[in-house]
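A quick write-up on the structure given underneath.
Model, not experiment: these values are computed from the prediction. The first residue of the sequence shown is numbered 1, and numbering continues consecutively from there.
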Amino acid sequence: MLRPIFVHAQPSTEHDLRYDTTMMVNGSVAVLNAVTKDLLGYPGIAIDETYPSVTTVGHECAYVRTYLREQIETSLRAGDEPVVFCTLLNYNAENALALLTELKQEFGTRLRTGVGGQLVRVCPEAYLRNSHIDHIGVGDAEVVLAPLLLGRKRFASGYKTVTPTDHYTPPLYDQYLGLEERLDDMARYAFGPFRDMRQLVVESVRGCAWAYTNAICRFCALEGIDTQPVFRDIGAQTQIERELVARFGVNWLFDVSNQWIPTVKSIKIGEWLRHYIRERAKYHAPALNRYVYLTTNSITARTAPLLHEAGVRIAYIGIDGWDKLTRAALFKTQVDCHKALRACAENGLYVRTSLVIGSGLTRANLEALPLFVGELLGEFGGNVILSFGNFLEIVLPGSADWREFEAQAERDHIEEARALFAFFRAHGWISLTQEDRLNELRIRHTQCDVTFEDVIAARDQAVAITKRSLALSVTIRECEKLHRTNE
């Protein structure tokens, strides 16, 4: 028998674990397990290395490695065939590949290994050259897992065409290492006014309404999101939610859809929300709190009451730019974010948000940045905005930023940047330190009206202001922590 194990590796040690790590259960390994059950008739094991057990804080990687060895050896003794797949993103690829290399060196041909995920499709050649990886998948698990797992192909690619009634495979949270402990543990944290949260991940929409209607954000590295958004049949989605409530006692859902509302047109947003509310009532949907991704133009005085009625309690909205130039450079809406935040305040909605600092920069808007953050958090910090990120723009593999700066580095002979891109092409990942340097080089060579030192100074001032506010401060390097209750 095949014994698949799906691992989402922990971020590299250079990353500070996010304040919400316990709450953000990885859904991709649960989806892989659901597809596996469809293929084999039984699930494998799903592992999110950021939280494998309540007792493993600070030594999660060692715990998971020991657990994997035990599972692999048990399978081999039983005459079964173990297979370990890892999902790769920019922040965890280094750790995931190190794990697979270590396991492959130890077990050799007795163990099959594989990779998939957003990062793999940018440069699959790097993984095809890696002798410690047996299988490489680019695309959706519903299409590529069968030829890899059952067909034993070295490489498979393809994407699922979804309809409302034939959508993404929903996650299967059975056989998910440490999940029950994690749900109990997350309920001990206070996040703003919210207590006793038991949250799992779902995905109800294929595509991104903003990218489909306007343009993919410059720094976005996701693929296929500029297609027409498709929301899962609401009756089917309701049944998924009902099962999660019955099985795990969840009271929150984090919907990881790129944009939860499948339109960005003002009139259509209200129409869709009213339809959604009616359909949920028709199917006697369970009462659940929702954390979803929206845009600032999705939240108005007219839509905010409907969002609350639909169960939305927290929305992540990317403010990203703080003046017309920065918003335009990032392909973001010019809608005033204050209007959206005031609508939230009047309707019991809370927001997690951030700025992206790295495009459309001038001396004037860098000077204005700390003032903008101070004014915004002075009015909304803590009472609407629960967390606020001040992020330097990241040159993510696969994004427009990546493609354009890689071309510029070649054209203008920016040798250090060329070397970093070459490292990625050879290995399929770059470290956070390398990423930091690439981000810096991009700003130095594309934002010619400012110095990088001035950019950092303005960002640091914004971070200091955020830390003095009632909102949690978030950057890639550091993150404030949630208060833990009921010890």
So, [X] side chain and [Y] main chain: donor-acceptor pair closer than 3.5 Å or not?
| X | Y | result |
| --- | --- | --- |
| Asp134 | Gly114 | no |
| Thr263 | Ile269 | no |
| Asn289 | Asn251 | yes |
| Asp166 | Thr163 | no |
| Gln259 | Trp210 | no |
| Arg112 | Leu149 | yes |
| Asp48 | Asn26 | yes |
| Asn33 | Leu172 | no |
| Glu60 | Gly58 | yes |
| Tyr127 | Gly428 | yes |

Taking atom types as modelled and ignoring hydrogens, do the side chains of Asn390 and Thr466 form a donor-acceptor contact shorter than 3.5 angstrom? yes
Less than 3.5 Å apart, any donor N or O on the side chain of Ser298 or Thr295 sitting next to an acceptor on the other? yes
Applying side-chain contact (heavy atoms from CB on, under 4.5 Å) to Cys337 and Phe372, what does each step give before you reach the verdict? CA-CA 11 Å; Cys337 66; Phe372 175 86; 4.0 Å; yes
Taking atom [atom1] of [X] and atom [atom2] of [Y], what is their separation to the nearest 0.5 Å?
| X | Y | atom1 | atom2 | answer |
| --- | --- | --- | --- | --- |
| Tyr168 | Arg206 | OH | CZ | 3.0 Å |
| Asn90 | Trp402 | CG | CH2 | 9.5 Å |
| Tyr51 | Thr56 | OH | OG1 | 7.5 Å |
| Leu99 | Gln10 | CG | CD | 11.5 Å |
| Asn383 | Leu377 | CG | CG | 10.0 Å |
| Ser387 | Leu472 | OG | CG | 6.5 Å |

Smallest separation among heavy atoms of [X] and [Y], with atom names:
| X | Y | result |
| --- | --- | --- |
| Gly270 | Leu306 | O-CD1, 3.9 Å |
| Cys61 | Glu49 | CA-OE2, 3.5 Å |
| Ser157 | Val143 | O-CG1, 4.2 Å |
| Leu482 | Tyr189 | CB-CD2, 3.8 Å |
| Gly321 | Leu330 | N-CD1, 4.1 Å |
| Asn258 | Gly207 | ND2-O, 3.8 Å |

Residue pair Leu341, Ile317: steps toward the side-chain contact (heavy atoms from CB on, under 4.5 Å) verdict: CA-CA 10 Å; Leu341 294 170; Ile317 57 173; 4.3 Å; yes
Do [X] and [Y] have side chains that approach each other closer than 4.5 Å (heavy atoms only, starting at C-beta)?
| X | Y | result |
| --- | --- | --- |
| Val264 | Thr333 | no |
| Trp272 | Pro262 | yes |
| Lys339 | Ile299 | no |
| Asp320 | Ser354 | yes |
| Leu97 | Leu88 | yes |
| Trp260 | Tyr276 | yes |
| Arg327 | Ile319 | no |
| Phe388 | Leu470 | no |

Please determine which of His167, Glu203, Arg232 meets the side chain to side chain donor-acceptor pair (under 3.5 Å) test together with Gln237. Arg232
Verdict with reasoning, Phe254 to Tyr293, per ring pair (Phe, Tyr, Trp, His ring centres under 6.0 Å): CA-CA 9 Å; Phe254 174 24; Tyr293 291 117; 5.7 Å; yes
Given the rule in the side-chain contact (heavy atoms from CB on, under 4.5 Å) test, do Leu307 and Ile261 qualify, once you have shown the distances and angles that lead to the verdict? CA-CA 10 Å; Leu307 286 165; Ile261 297 176; 3.9 Å; yes
Is atom NZ of Lys160 surrounded by more than 12 heavy atoms (other residues, nucleotides or ligands) closer than 6.0 Å? yes
Answer yes or no: are there more than 12 heavy-atom neighbours, outside Arg302 itself, under 6.0 Å from its atom CZ? no
From the list Tyr291, Phe194, Phe191, ring pair (Phe, Tyr, Trp, His ring centres under 6.0 Å) partner of Trp252 resolves to Phe194
Output, in order, the C-alpha distance, side-chain angles, deciding distance and verdict of side-chain contact (heavy atoms from CB on, under 4.5 Å) for Arg182 and Thr50. CA-CA 11 Å; Arg182 188 172 189 169; Thr50 60; 3.5 Å; yes
Compute both the distance and the angle, then confirm whether Arg3 meets the cation-pi test with Tyr42: under 6.0 Å from the six-membered ring centre, within 45 degrees of the axis. yes
Results of salt bridge (charged side-chain N to carboxylate O under 4.0 Å, His left out) for Glu309 - residues two or more places apart only: none
Ionic contact status for Lys37 with Asp174, cut-off 4.0 Å: no
Arg188/Asp185 salt bridge by N-O under 4.0 Å criterion: yes
Measure up the Tyr67 and Tyr63 rings against each other and bin them: parallel (under 30°), tilted (30 to 60°), perpendicular (over 60°). parallel
